[in-house]
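Okay, structure first, notes after.
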Amino acid sequence: MTRSTLTLALVCVGVAVVGRSDDGVPPAAHPDSSGWQDLFAPDLSNAMFPEGVWSFRDGLLIATKNENLWTKEQYANFIVDLEFQNGANGNSGLFIYASNLADRRARMEVQILDDHDPRWANLTPTHLCGSICGRLPPATRAVKKHGEWNRMTVWCLGPRIFVLLNGERIIEMDLRQWTLPSKSPDGRDLPKHLNIPLAELPRKGHIGLQGKHGSTDVLFRNVKIKLLSGDDAREP
């Protein structure tokens, strides 16, 4: 894929092709500040996953297989803030609004991927790191090379979704625009396995992490959530 082709592909309805997070989306405060809590307990007692797959090791959350980790609780109006480190060709994801765990159409995935690995050179833009996987590409490629820590912040404000990666706002999405099961708002074909209009997706659901989907580990740390209400839940 040429640079010009990639640039054209990234310009689509629902994405704000903008710079850093000071352009209208308020940055999430540091997770140690007031209002933040661990998304997953240290013993994972508030999570659902196959036994023996997920665990904390020296403060790092890691999976041994491609099995998802889910919150037992469902959430609406929140910010998730986390750090991740890809191994070479690492592949994982953050799931939001998962209202039916048995139906992968009834969720959204914020892609976590080692874009720099040559094995992913021919990926479509909607599968790059930070994309709403299969649906909406990131405005820019902001992920660091494998072995480096990245910070991702995802705002879920009812029908509006914002993704910040390493200080760059890479996704701005309004689910109310996604009314067709097979087409994006700008007319792109969507994968057949995602044939549910996002406008019909409940704005509340489980939050999850995808397991070891590539051949190397993806490490997570400081996985935090902040619930939003009142003035905090206003659209940025």
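Taking the charged nitrogens against the carboxylate oxygens, K226 and D81 have no contact shorter than 4.0 Å, which rules out a salt bridge. Contact check on E83 versus R151 returns no salt bridge, with no Lys/Arg side-chain nitrogen under 4.0 Å from an Asp/Glu carboxylate oxygen. Ionic pairing of R141 and D115 is present here: one or more N-O contacts between side-chain nitrogen and carboxylate oxygen are shorter than 4.0 angstrom.
Taking CZ from R203 and CG from L175, the interatomic distance works out to 5.5 Å, rounded to the nearest 0.5 Å.
Looking at D189 and K183, their side chains come closer than 4.5 Å, going by heavy atoms from C-beta outward. Looking at D38 and K224, their side chains come closer than 4.5 Å, going by heavy atoms from C-beta outward. Here the side chains of E73 and H206 are not in contact, with every heavy-atom distance at 4.5 Å or above. The shortest side-chain heavy-atom distance between N91 and I112 does not fall under the 4.5 Å cut-off. Looking only at side-chain heavy atoms (C-beta outward), F49 and L44 come within less than 4.5 Å of each other. Inter-residue side-chain proximity for L198 and M108 is flagged as met; some heavy-atom pair is nearer than 4.5 Å. Side-chain contact check for I225 versus I79: every heavy-atom pair is 4.5 Å or farther apart.
Contact record, L136 with R188: CD1-NH2, 4.1 Å, taken as the closest heavy-atom pair. The minimum heavy-atom distance linking L201 with S99 is given by the pair CD1-OG, 4.5 Å.
With W178 as the aromatic partner, R135 does not meet the cation-pi criteria of under 6.0 angstrom to the ring centre and within 45 degrees of the ring axis.
Side-chain contact of S215 with N89: a donor-acceptor pair under 3.5 Å is present, judged by distance alone.
By the 30° and 60° cut-offs, the orientation of the rings of F220 relative to W54 is tilted.
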Review point. Taking it one step at a time, do F95 and W70 satisfy ring-ring contact (aromatic ring centres under 6.0 Å, His included)?
Key: CA-CA 9 Å; F95 297 112; W70 298 104; 5.1 Å; yes
